[in-house]
Each structure stands twice: as structure tokens, then as C-alpha cells.
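Reviewing the structure listed below.
Along the sequence shown, the residues carry numbers beginning at 1. The analysis underlying the following values was restricted to heavy atoms, covering all of them including side chains, and did not include hydrogens, waters or symmetry mates.
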Amino acid sequence: MSVSLREATQPDPRRYFDHIAAERGPVAELEPVCLYLETTNRCNLLCTTCPRTFEALEPPADMGWELFTSIVDQFPRIARVVLHGVGEPMMVPALPRMIRYLKDRGSYVLFNTNGTLLTRRKGKELIDSGLDELRVSIDAAEPEAFKQVRGRDMFARIVRNVRAFRGMQRELAVERPRVSLWLTGLQETVAQLGDFVRLAHEIDVAEVYLQRLVYFPEGQGLARPQSALFAGGEDEEGRLVREAEALARSLGVSFNASGATDPAASLTPQDEAQPWSLCRRPWTLMYFTAHGRAIPCCIAPFSMRGYDSFTLGDATQQSLREIWNGPRYQAFRSALLSDKPPPACASCGLRWSL
């Protein structure tokens with residue numbers, strides 16, 4: 001496995017985990033170190049792996065400036081802020097202003113984008129805002145597979161946009177934001193891993209990430225059991241992963257998986273009897289939708305239908321500290337540490353990686 005540049009350059013909430021592991025209980029003794037803020041739940045694509053393609057989770061909206069600042073100002077020393085949820089952040093006109101607001105407070109800021117709106121003007125705004133990391137989810141190495149996964153024929157545009165953005169960074173002699181390409185691991189695209197690494201190298205992107213598919217048991221689009229990758233050992237999937245890792249090393253491309261693990265490990269279900277109990281998210285991060293609803297993490301919207309069963313609070317009605325150790329959060333944490341986890345978490349580590 002190549003070493004991710006992230007380990008050396010960003011505040012990493014996982015550095016708190018050893019302490020939190022000994023302290024985990026219904027009450028979180030420490031404040032969160034990371035915020036996920038869904039800057040919008042609108043999107044210009046209809047990805048066949050995304051829940052918003054198949055159901056309206058909340059009414060379409062961008063997170064308003066007043067709600068954004070009220071959340072951020074309650075934890076002014078937050079180490080890390082992720083500005084994405086189920087929508088496309090670059091559709092939000094105030095996004096550069098939001099990033100600068102966070103950077104002025106010393107936070108590490110990143111978001112995922114589909115890359116379709118990464119024009120030169122918007123790219124320059126992101127550079128000027130101080131954005132630390134720009135993750136581009138392409139999910140394929142060629143147009144036909146891209147359209148199958150992403151729902152629209154926009155592969156060439158995205159590749160062109162990313163190539164031009166990296167060119168602009170070279171012109172300006174800047175490396176921030178760090179750019180990475182992301183691919184959701186699917187049976188339909190796993191054979192493209194090598195070509196995906198080559199694509200990254202060709203357009204001057206130094207980091208590639210393989211992300212586990214989260215899917216509904218009954219299946220929706222490609223978010224279905226038969227599309228998921230489950231192993232990275234001696235099977236065909238494992239062989240393809242190892243070949244892509246070797247190719248990445250030869251090209252000088254960092255190849256990792258989401259969760260700061262290696263790609264093969266990310267495809268392997270946890271062996272623990274209660275794998276969900278390994279999760280640290282309810283003790284380290286808070287996630288807010290565009291409407292201010294508090295939910296457990298970024299995986300929750302993909303894990304089951306609707307938000308009502310795992311809503312933990314409302315930032316428009318409560319302070320973040322009231323939510324963080326309120327009765328719903330305490331009950332959620334208690335269940336996560338038991339043999340009867342919250343429904344949204346029951347398959348974490350089994351159907352998808354922690």
C-alpha cells in the first residue's frame with residue numbers, strides 16, 4: 001500500500017481514537033473533532049448508487065448561511081470540516097465563502113465533487129478560498145461505464161475539467177487543494193481499476209481511492225448486493241486490486257481506500273462478532289443535513305430508507321451541545337455498543353466497511 005499524503009498533511013480525528021476507545025459510553029466526554037455539513041442536497045447527476053436518485057430524503061435545499069455559521073460558531077476550534085452530503089457542493093454559490101469562513105478558524109476543509117462544474121472560474125475560487133482537499137468522484141475509467149454508474153454522459157467533461165484544474169495549479173505554483181480521484185468498488189467496474197490509476201497519472205492526479213459500495217438489501221440501481229465487492233484476498237477481485245496497487249507504485253500514484261485503510265482490507269468484512277461496535281463516529285463527528293437535521297454519519301443516508309429512524313437532533317431548534325449528549329445521541333451510542341445496534345448500523349463492517 002502506498003502511504004497517503006493525508007496522513008502527513010491534515011488534522012486526523014483518528015488520533016483521538018485510542019483515548020475515546022477507553023472512554024466510550026452513552027455520554028461523549030469530548031467534543032466532536034469533525035463536522036460533516038451537507039451544503040446542499042441538490043445534484044445535477046442521477047447516480048445509480050445514490051439514495052437521492054430513488055427517494056426524496058428531504059426537500060431540495062442549500063444550507064443557508066445563517067444555519068451554516070450558527071453550527072460552525074458553536075465549535076470554533078473544530079479540526080476538520082467536510083462540506084458534502086448527498087448533493088453536489090459546487091452547485092452552492094456560497095461554497096467558497098463557507099470554505100474561507102472555516103479556514104479563518106483554522107479548520108482543515110474538504111469535500112467530494114462529481115467534477116462536472118469545475119470550471120476555471122470556480123476552480124480559481126476554490127484555490128483562493130484556501131480549500132485543503134478536493135475529492136473528485138468519477139467511478140469509472142471510460143465513458144460507457146461512467147454513464148452506467150452516474151446516469152449521464154459527462155465523463156469527458158469531468159476529465160477535461162480535472163486536467164485543466166491541475167494545469168491551473170501548476171501555472172499558479174500551488175498544490176492546495178490536494179486533488180484525488182475516487183472510484184466506488186463495483187462488480188461492474190472493478191476490472192477498470194488499473195485504467196483508473198492510469199487515468200489519474202495521465203491527468204496529473206497523485207492520489208486514487210477505492211470506496212466500498214453501501215447498498216440497500218433489496219437493491220436500488222447498482223446499489224445492490226450483487227454489485228458489491230466483498231473480498232480482496234486470493235479471488236479475482238483481490239488479484240485486480242493487487243495489480244492496480246503495483247501499477248500505482250510504478251507510476252508514483254498513491255492508491256488507498258476510504259477510511260485510511262488499504263484497498264484489499266477495505267473489501268474484506270470484519271471478523272468481529274459485533275463489527276459495528278468498532279465504530280468511533282458517534283464519539284468524534286457530527287453530521288448535519290442541509291436543513292439542520294443531525295444524523296449519525298455520512299453512511300447513514302445510504303444504509304436504509306428515510307431519516308426519521310436515526311435523526312439525533314435539529315440544529316435549528318437545539319444547540320449542538322444539547323444534541324451531542326442529548327437523550328437520542330446517548331441512546332444511539334448505547335445501542336451501538338450492544339448486541340442490538342441501531343438499524344442504520346447493523347450491517348456496518350459486514351455489508352460495507354466501517
Side-chain angles (χ1 to χ4, degrees), residues 36-53 57-65 68 81-103 109-143 145-172 174-184 196 199-200 202-205 207-209 211 289-290 298 301:
Y36 276 69
L37 302 181
E38 186 180 77
T39 48
T40 185
N41 59 22
R42 300 181 299 122
C43 192
N44 59 343
L45 294 182
L46 294 171
C47 300
T48 57
T49 55
C50 181
R52 71 169 305 284
T53 299
L57 298 167
E58 287 186 317
D62 297 347
M63 180 175 282
W65 182 255
F68 169 79
V81 182
V82 181
L83 295 178
H84 64 244
V86 298
E88 170 48 52
M90 294 195 70
M91 296 181 72
V92 180
L95 182 65
R97 185 184 178 198
M98 291 174 166
I99 296 167
R100 174 47 58 193
Y101 193 83
L102 292 164
K103 292 306 301 177
V109 185
L110 65 101
F111 67 86
N112 277 41
T113 177
N114 60 35
T116 59
L117 303 176
L118 186 60
T119 62
R120 184 176 180 88
R121 178 182 64 82
K122 289 190 174 185
K124 183 62 164 55
E125 289 176 347
L126 294 181
I127 291 172
D128 293 343
S129 72
L131 180 69
D132 292 287
E133 190 176 342
L134 181 66
R135 300 176 173 182
V136 184
S137 297
I138 298 184
D139 282 347
E142 48 84 22
F146 177 88
K147 186 176 181 181
Q148 182 184 13
V149 178
R150 291 283 176 166
R152 296 185 65 186
D153 184 12
M154 302 185 79
F155 179 81
R157 177 196 290 189
I158 298 166
V159 171
R160 184 170 63 249
N161 287 351
V162 176
R163 190 195 304 271
F165 182 75
R166 287 294 294 135
M168 181 169 58
Q169 286 186 299
R170 290 193 300 274
E171 291 172 17
L172 299 174
V174 296
E175 284 300 321
R176 293 292 179 97
R178 280 180 30 241
V179 181
S180 56
L181 297 188
W182 289 65
L183 179 139
T184 300
F196 196 72
L199 173 65
E202 179 189 339
I203 61 177
D204 193 30
V205 174
E207 296 181 62
V208 166
Y209 287 83
Q211 189 165 14
T289 71
C298 62

Between [X] and [Y], what is the shortest heavy-atom contact and its length?
X      : Y      : value
Phe146 : Ile138 : CD1-O, 3.2 Å
Asp204 : Arg166 : O-NE, 2.7 Å
Ile203 : Leu181 : CD1-CD1, 4.1 Å
Ala141 : Phe196 : CB-N, 3.7 Å
Met90  : Thr113 : SD-OG1, 3.7 Å
Ala61  : Thr40  : O-OG1, 3.3 Å

How are the rings of Trp65 and Tyr101 set relative to one another: parallel (under 30°), tilted (30 to 60°) or perpendicular (over 60°)?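 Trp65 vs Tyr101 ring planes: perpendicular.
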Enter the distance from [X]:[atom1] to [Y]:[atom2] here, rounded to the nearest 0.5 Å.
X      : Y      : atom1 : atom2 : result
Glu38  : Leu57  : CD    : CG    : 8.0 Å
Arg160 : Leu118 : CZ    : CG    : 11.5 Å
Asp62  : Leu95  : CG    : CG    : 10.0 Å

For Glu58, side chain to side chain donor-acceptor pair (under 3.5 Å) partners two or more places apart: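 So Glu58 forms a side chain to side chain donor-acceptor pair (under 3.5 Å) with Thr289, Arg293.
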Output all residues satisfying side chain to side chain donor-acceptor pair (under 3.5 Å) with Tyr36, sequence neighbours left out; order by chain, then residue number.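 Tyr36 satisfies side chain to side chain donor-acceptor pair (under 3.5 Å) with no other residue.
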Report yes if the side chains of [X] and [Y] come closer than 4.5 Å at any heavy-atom pair, otherwise no.
X      : Y      : value
Val179 : Glu207 : no
Asn41  : Pro60  : yes
Val109 : Leu83  : yes
Ile158 : Val136 : yes
Phe155 : Leu199 : yes
Val162 : Val205 : yes
Arg150 : Ser137 : yes
Val81  : Ile99  : no

Check whether any side-chain N or O of [X] sits under 3.5 Å from a backbone N or O of [Y] as a donor-acceptor pair, and report yes or no.
X      : Y      : answer
Arg100 : Ser129 : yes
Asn161 : Gly115 : yes
His84  : Phe111 : no

Check the side chains of Ser180 and Trp182 for a donor-acceptor pair under 3.5 angstrom, ignoring hydrogens and angles. yes
Can you tell me if Asn44 and Asn114 form a side-chain donor-acceptor pair at under 3.5 Å?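 There is such a pair between these side chains.
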Please check if atom NZ in Lys103 has more than 12 non-hydrogen atoms from other residues, nucleotides or ligands closer than 6.0 Å.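 Enclosed: over 12 neighbouring heavy atoms sit under 6.0 Å from NZ of Lys103.
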Residue pairs passing the salt bridge (Lys or Arg N to Asp or Glu O under 4.0 Å) test with at least one member in residues 112-125, sequence neighbours excluded, are Arg120-Glu171, Arg121-Glu125, Lys124-Asp128
Begin from the C-alpha positions of Leu37 and Val82 and carry the test side-chain contact (heavy atoms from CB on, under 4.5 Å) through to its verdict. CA-CA 6 Å; Leu37 302 181; Val82 181; over 6 Å; no
Between Arg176 and Glu133 (salt bridge meaning N to carboxylate O under 4.0 Å), is one present in this structure?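 The answer is no: the pair does not qualify as a salt bridge.
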Is the shortest side-chain N to carboxylate O distance from Glu88 to Arg42 below 4.0 Å? no
Residue pair Asp132, Arg178: steps toward the salt bridge (charged side-chain N to carboxylate O under 4.0 Å, His left out) verdict: CA-CA 6 Å; Asp132 292 287; Arg178 280 180 30 241; over 6 Å; no
